[in-house]
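Proteins get letters first, then strands, A, B, ... in listed order; numbering begins at 1 in each.
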Number of protein chains: 2
Amino acid sequence: MATCACEINACVLCEDRIYSGLSKEQVCHIREHLVREMYEPHEVLFREGDEATSLFSLRSGQIKLTTSMPDGRQQILRLVVAGQLLGIETFKAQRYPFTAEALTDVVACKISHNDLRQILELNPAVSLRLIESLSQQLDQAESLIRDLGLKTSLEKVSSFLLSLIPQRGDPGAELPLRLSRREIAEMLGLTEETVSRVMADFARRKIIGSGKGYIRILDRKWLGETAGVRNDSTAAGLRVVAGHS
Amino acid sequence: MATCACEINACVLCEDRIYSGLSKEQVCHIREHLVREMYEPHEVLFREGDEATSLFSLRSGQIKLTTSMPDGRQQILRLVVAGQLLGIETFKAQRYPFTAEALTDVVACKISHNDLRQILELNPAVSLRLIESLSQQLDQAESLIRDLGLKTSLEKVSSFLLSLIPQRGDPGAELPLRLSRREIAEMLGLTEETVSRVMADFARRKIIGSGKGYIRILDRKWLGETAGVRNDSTAAGLRVVAGHS
DNA sequence: CGACACCTTGAGTTACGTCAAAATGAGTGG
DNA sequence: CCACTCATTTTGACGTAACTCAAGGTGTCG
């Protein structure tokens, strides 16, 4: 146990509990495959099109995944937060389909596809966790598709703001906002000017309070209705329930 | 064995090869969990918001997954083709986040989450296949996000048309087009009028040839450039795949 | 202090949506 | 076969949400 290269316990691949049933030697053997890496804000983990041999599990910090067109237009595909995986898309593919850039200080575990494959064959519990993580990511991606495909700028920004609310914790508290207007725009398929206008409007109407680096949700109900959300319990999924024949 | 309820061999969960290493009794035991179901065009497998207990593996046909806003706006999230899974998003969640509707005659295998969980614990190989399938779906979803977020109507339709080209087979051949203009629009975040105009324009410029129920790609290179396809990979997102039965 | 990145606001433009009407085609029944 | 309906597609004229371009404001850091 003491000889493990990766002794941390805060990411999908590192958690103790998924190794129940394995001997300490086996656990160490697995953990030896994990390489711990650190990044600074704006540091790039890899670029779209780079050859992909590994995937990451984010221990702490935040990462944005972006894709861009030849002329420079950029789209944020996902924000990766602590505990989530990153790059499983490449489990079969050879190249990263997006660029990964740290938004904050980041600690991540890196593991090669081959090593992961080995681990999965050894331990079904890890597979289950991986499948759950992937399902959640897919769900999230579909939610973004919904936002991009059929919402107005007002609705998009509302959805975005709601997604900032943590699952647990005081919903009325100040929420840290790490993304610039430009980045919010790149996430929602808008321009930074439009995002700025909408948020200024929301602030004027006391729907949100905003300061530098943070925002505060003042009228969650209104945001929910505007975003087209029916069931307001979840913040991650932004579930839309159909009422329609 | 001969007593298997599901003797077919054309979906992720049914393939022989993933059961290598298991006894015939075990394979039968697994397959007993699979329920084979058939659907007609326009038949709905389940609706957004329905309680989710099962997932499906599509044996043949095509299914569209849609989500809608309270006022009726609709977005197609994905087209499911033979061999793909459907509804793993609900592996943890309780409700389907989209409506699934058959576009053609459909044969699918249905399995409950619990049964699947049991199978996965028994057999790591099935997990691997599932993870690969999920990775591919995620990749596809991200590609659609990219199209929706940063492309113009021209670029969107180009991407879509390119996605119709089957991986194998004559690229210049007539491609069956099962989707209506409205459905293409719902996929691309456009209106049916815009799709109609763009496609009429393409036809006038001899970029495609179009007839009822099919289209023919005449200038693939131009479409690729317009869609902003990166040189070494094809657009994964709007992969529809020409149907066969 | 100046340099620089970020945000806001305004005025003018445009890509796409909306509304409306006509054209086309498939299905049905006489 | 034609006559009918009904859904889909096309085309046109017009409106508008969001983009573009431009300028000015605000905060941060060396």
Side-chain angles (χ1 to χ4, degrees), chain A residues 40-42 64 69 71-76 101 103 147-161 176-205 207-215 226-228, chain B residues 40-42 64 69 71-76 101 103-104 147-161 176-205 207-215 226 228:
Chain A
E40 291 173 3
H42 299 112
K64 69 169 176 180
M69 303 250 336
D71 66 0
R73 279 172 282 175
Q74 271 209 346
Q75 173 69 39
I76 295 184
E101 180 186 327
L103 288 171
D147 289 349
L148 290 169
L150 43 77
K151 289 188 178 177
T152 65
S153 59
L154 233 83
E155 294 165 340
K156 284 176 176 178
V157 175
S158 297
S159 299
F160 170 77
L161 290 171
L177 181 55
R178 313 185 174 296
L179 297 177
S180 68
R181 298 291 190 257
R182 168 168 286 283
E183 287 170 321
I184 298 171
E186 281 170 357
M187 180 139 202
L188 300 177
L190 299 170
T191 59
E192 62 185 310
E193 292 96 327
T194 298
V195 172
S196 183
R197 275 185 254 265
V198 172
M199 288 190 57
D201 183 48
F202 282 3
R204 246 175 262 122
R205 290 154 72 180
I207 291 152
I208 60 170
S210 85
K212 45 167 186 180
Y214 75 93
I215 59 128
T226 304
Chain B
E40 291 174 5
H42 299 113
K64 68 170 176 179
M69 304 254 329
D71 67 1
R73 280 172 283 174
Q74 271 209 348
Q75 173 69 38
I76 295 184
E101 180 186 328
L103 288 171
T104 63
D147 290 345
L148 289 170
L150 42 77
K151 290 188 177 176
T152 65
S153 58
L154 233 83
E155 293 164 340
K156 284 175 176 178
V157 175
S158 297
S159 299
F160 171 76
L161 290 171
L177 182 56
R178 312 182 176 298
L179 298 177
S180 69
R181 297 290 131 105
R182 167 170 287 281
E183 285 170 322
I184 297 171
E186 281 171 356
M187 179 139 203
L188 301 176
L190 299 170
T191 59
E192 61 186 310
E193 292 95 328
T194 298
V195 172
S196 183
R197 275 185 256 266
V198 172
M199 288 191 57
D201 183 49
F202 283 3
R204 248 175 259 120
R205 291 153 72 180
I207 290 153
I208 60 169
S210 88
K212 43 169 186 179
Y214 75 92
I215 59 128
T226 304

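Not a single donor-acceptor contact under 3.5 angstrom links the side-chain atoms of A:E192 to the base of D:dC19. The base of C:dT9 lies outside donor-acceptor range of the side chain of A:R181, with no N or O pair under 3.5 Å. Looking at B:E193, its side chain comes within 3.5 Å of the base of C:dC19 through a donor and an acceptor atom.
Atoms CD1 (B:I184) and C1' (D:dT8) sit 12 Å apart, rounded to a whole Å. The CG atom of B:L177 sits 14 Å away from the P atom of D:dT8 (whole-angstrom rounding). What separates CD of A:E186 from P of C:dC7 is a distance of 12 Å, to the nearest Å. Taking atom CZ of A:R182 as the reference point, atom C1' of D:dT20 lies 13 Å away to the nearest angstrom. Atom pair B:R73:CZ and C:dT18:C1' shows a separation of 14 Å (rounding to whole Å applied). Atom CG of B:D201 is separated from atom P of C:dA15 by 13 Å (rounded to the nearest Å). Here D:dC21 presents its P atom at 13 Å from CZ of A:R197, a figure rounded to the nearest Å. A straight line from CG of B:L150 to P of D:dC19 spans 12 Å, rounded to a whole angstrom.
Note on A:S153: a side-chain N or O is less than 4.0 Å away from OP1 or OP2 of D:dA18. Put simply, A:T152 has no side-chain N or O that comes within less than 4.0 Å of OP1 or OP2 on D:dA17. The side chain of A:K212 contributes an N or O atom lying less than 4.0 Å from OP1 or OP2 of D:dT28.
Using a 4.0 Å heavy-atom distance criterion, A:G189 is classed as a sugar-phosphate-only contact. At a threshold of 4.0 angstrom between heavy atoms, the contacts of B:S196 include nucleobase atoms, whether or not backbone atoms are also involved.
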- Item | Steps toward side-chain contact (heavy atoms from CB on, under 4.5 Å) verdict (A:S158, A:F202) | CA-CA 9 Å; A:S158 297; A:F202 282 3; 3.5 Å; yes
- Step by step, work out the side-chain contact (heavy atoms from CB on, under 4.5 Å) result for A:L177 and A:I184. CA-CA 10 Å; A:L177 181 55; A:I184 298 171; 4.3 Å; yes
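Between A:R181 and A:E192 there is no salt bridge, since none of the side-chain N atoms of the basic residue sits less than 4.0 Å from a carboxylate O of the acidic one.
A:Q75 contributes a side-chain N or O that, together with a main-chain N or O of A:E186, makes up a donor-acceptor pair within less than 3.5 Å. Under the 3.5 Å distance criterion, the side-chain polar atoms of B:K156 are left unmatched by any main-chain donor or acceptor of B:D147.
The nucleotide whose nearest atom lies closest to any side-chain atom of B:T191 is, among D:dC19, C:dC7, C:dT18, C:dT18. Of all nucleotides listed (C:dC6, D:dC19, C:dG17), C:dG17 comes nearest to the side chain of B:L190.
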